[in-house]
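To keep things clear, I will list the structure first and then write my remarks on it.
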Amino acid sequence: MNKTKTETIQVKISDYQLAQPSQILKTTGLGSCIGVVIYHPSKQVAGMAHVMLPSSKLSKGSTFNLAKYADTAIPEMVNEMKQTFKVSPTQLIAKMAGGAQMFQFTGKSEALRVGPRNAEAVKEALEILKIPLVAEDVGGQNGRTIEFNTDDNMLSIRTIHKGITTI
């Protein structure tokens, strides 16, 4: 009997990775960051980005890490998926988690709402690419760890003090 071993691919902060069938994408330490998974349901291929900030306009230089920002990470990852897996963006689906408001502030400064702004920016980037967001677990005040399994297209979310849910 030949048994296939499942490989887990770690996605670091401000990073994205691609996975093929029988691989798992995992990212830890999602606080205000968003973990977004874009996948092709029948080809069992996927990409996961760990987005740290909403907009590349926040970058201080002309060169920066594209995977750090929602507005650049998602188009870049989709382009790499198109080249690597020969998929059309119209065949892709997305799920996301994270975007917590980790700290409470007395002021109502927009700049301090990083988690909600990240979630809004990811949704906007997906909308521009016409990729439907079919499930999400965002907000709250607790950190998350997520894993996406390409074999069943399920996103497992472990939330601090709340346990594990699957979307």
**Asked** If we only count heavy atoms from C-beta on, is the Thr159 to Asp137 side-chain gap below 4.5 Å?
**Response** yes
**Message:** Are Leu126 and Met81 connected into the same hydrophobic cluster when the rule is that any two of I, L, V, M, F, W, Y join if their side-chain heavy atoms are below 4.5 Å apart?
**Reply:** yes
**Request:** List the steps, then state whether side chain to side chain contact (heavy atoms under 4.5 Å, CB included) holds for His50 with Leu30.
**Result:** CA-CA 8 Å; His50 185 136; Leu30 288 173; 3.5 Å; yes
**Asked** What heavy-atom pair brings Pro21 and Val45 nearest, and what distance separates the two atoms?
**Response** CD-CG1, 4.1 Å
**Request:** Would you give the length of the straight line joining atom OG of Ser156 to atom CE of Met154, rounded to the nearest 0.5 angstrom?
**Result:** 9.0 Å
**Prompt:** For the residue pair Glu76 and Tyr16, what are the closest heavy atoms and their distance?
**Reply:** CG-OH, 3.4 Å
**Message:** Give me the atom names and distance for the closest heavy-atom approach of Tyr39 to Ala46.
**Reply:** CB-CB, 3.7 Å
**Message:** Between Leu18 and Met77, is there a side-chain heavy-atom distance shorter than 4.5 Å?
**Reply:** yes
**Prompt:** Looking only at heavy atoms, what is the nearest atom pair of Val114 and Ser32, with distance?
**Reply:** CG1-OG, 3.7 Å
**Request:** Report yes or no: does Ser22 contribute a side-chain atom to a donor-acceptor pair with the main-chain N or O of Thr6 at less than 3.5 Å?
**Result:** no
**Asked** Would you call Arg117 and Glu124 a salt bridge, using N to O less than 4.0 angstrom?
**Response** no
**Prompt:** Are any side-chain N or O atoms of Thr8 and backbone N or O atoms of Ile24, one a donor and one an acceptor, separated by less than 3.5 Å?
**Reply:** no
**Prompt:** Can you find a heavy atom in the side chain of Pro54 that is under 4.5 Å from one in the side chain of Asp71?
**Reply:** no
**Prompt:** Under the salt bridge (charged side-chain N to carboxylate O under 4.0 Å, His left out) rule, what pairs show up with a residue in residues 25-41, not counting sequence neighbours?
**Reply:** Lys26-Glu147
**Prompt:** How long is the span from the CG atom in Leu155 to the CD atom in Glu136, to the nearest 0.5 Å?
**Reply:** 11.5 Å
**Message:** For a 4.5 angstrom cut-off between non-hydrogen side-chain atoms, does Gln101 reach Arg113?
**Reply:** yes
**Prompt:** Under 4.5 Å between any side-chain heavy atoms of Lys68 and Val51, yes or no?
**Reply:** no
**Message:** Check for me, please, whether Tyr69 and Ile128 land in the same ILVMFWY cluster - side-chain distances under 4.5 Å, paths through other members count.
**Reply:** no
**Prompt:** Given Ile38, which of Ile74, Leu133, Val87 fulfils the side chain to side chain contact (heavy atoms under 4.5 Å, CB included) condition?
**Reply:** Ile74
**Message:** With a sphere of 6.0 Å drawn around CD of Glu127, does it hold more than 12 non-hydrogen atoms of other residues, nucleotides or ligands?
**Reply:** no
**Prompt:** Do Pro89 and Lys82 come within less than 4.5 Å of each other through their side chains, counting heavy atoms only?
**Reply:** yes
**Prompt:** Where do Cys33 and Asn118 come nearest, in terms of heavy atoms and distance?
**Reply:** CA-ND2, 3.9 Å
**Prompt:** To the nearest 0.5 Å, how far apart are CG in Asn153 and CD1 in Ile93?
**Reply:** 7.5 Å
**Request:** Apply the side chain to side chain contact (heavy atoms under 4.5 Å, CB included) test between Thr27 and each candidate in Ile146, Val37, Asp15; give the one that qualifies.
**Result:** Ile146
**Prompt:** Does Thr72 reach the main-chain N or O of Leu66 with its side chain, forming a donor-acceptor pair under 3.5 Å?
**Reply:** yes
**Message:** If I take atom CZ from residue Phe148 and atom CD1 from residue Ile9, how far apart are they, to the nearest 0.5 angstrom?
**Reply:** 12.0 Å
**Asked** Transitively linked via ILVMFWY side-chain contacts under 4.5 Å: Met96 with Leu53?
**Response** no
**Item:** Residues, nucleotides or ligands: over 12 heavy atoms within 6.0 Å of Gln44 CD
**Value:** yes
**Taking every non-hydrogen atom, the tightest pair across Phe85 and Ala19** = CZ-O, 3.5 Å
**Asked** Is there a path from Val134 to Met48 through hydrophobic residues (I, L, V, M, F, W, Y) whose side chains come within less than 4.5 Å of each other?
**Response** yes
**Request:** Please examine the side chains of Glu80 and Thr84, heavy atoms only from C-beta on, and report whether any two atoms are closer than 4.5 Å.
**Result:** yes
**Fill in**
The reported gap from CD in Gln91 to NZ in Lys43 (rounded to nearest 0.5 angstrom) is 6.5 Å
**Message:** Tell me if a side-chain donor or acceptor on Lys95 pairs with a main-chain N or O of Ile167 at a distance below 3.5 Å.
**Reply:** yes
**Item:** Beyond-backbone contact of Gln17 with Gln10, side-chain heavy atoms, under 4.5 angstrom
**Value:** no
**Complete:** Value for OG1 (Thr165) from CZ (Arg144), rounded to nearest 0.5 Å, stands at 8.0 Å
**Message:** Test of understanding: clusters of I, L, V, M, F, W, Y form through side-chain heavy atoms closer than 4.5 Å, transitively. Do Val11 and Ile157 belong to the same one?
**Reply:** yes
**Prompt:** Side chains of Asn65 and Ser14: do they bring a donor and an acceptor to under 3.5 Å?
**Reply:** no
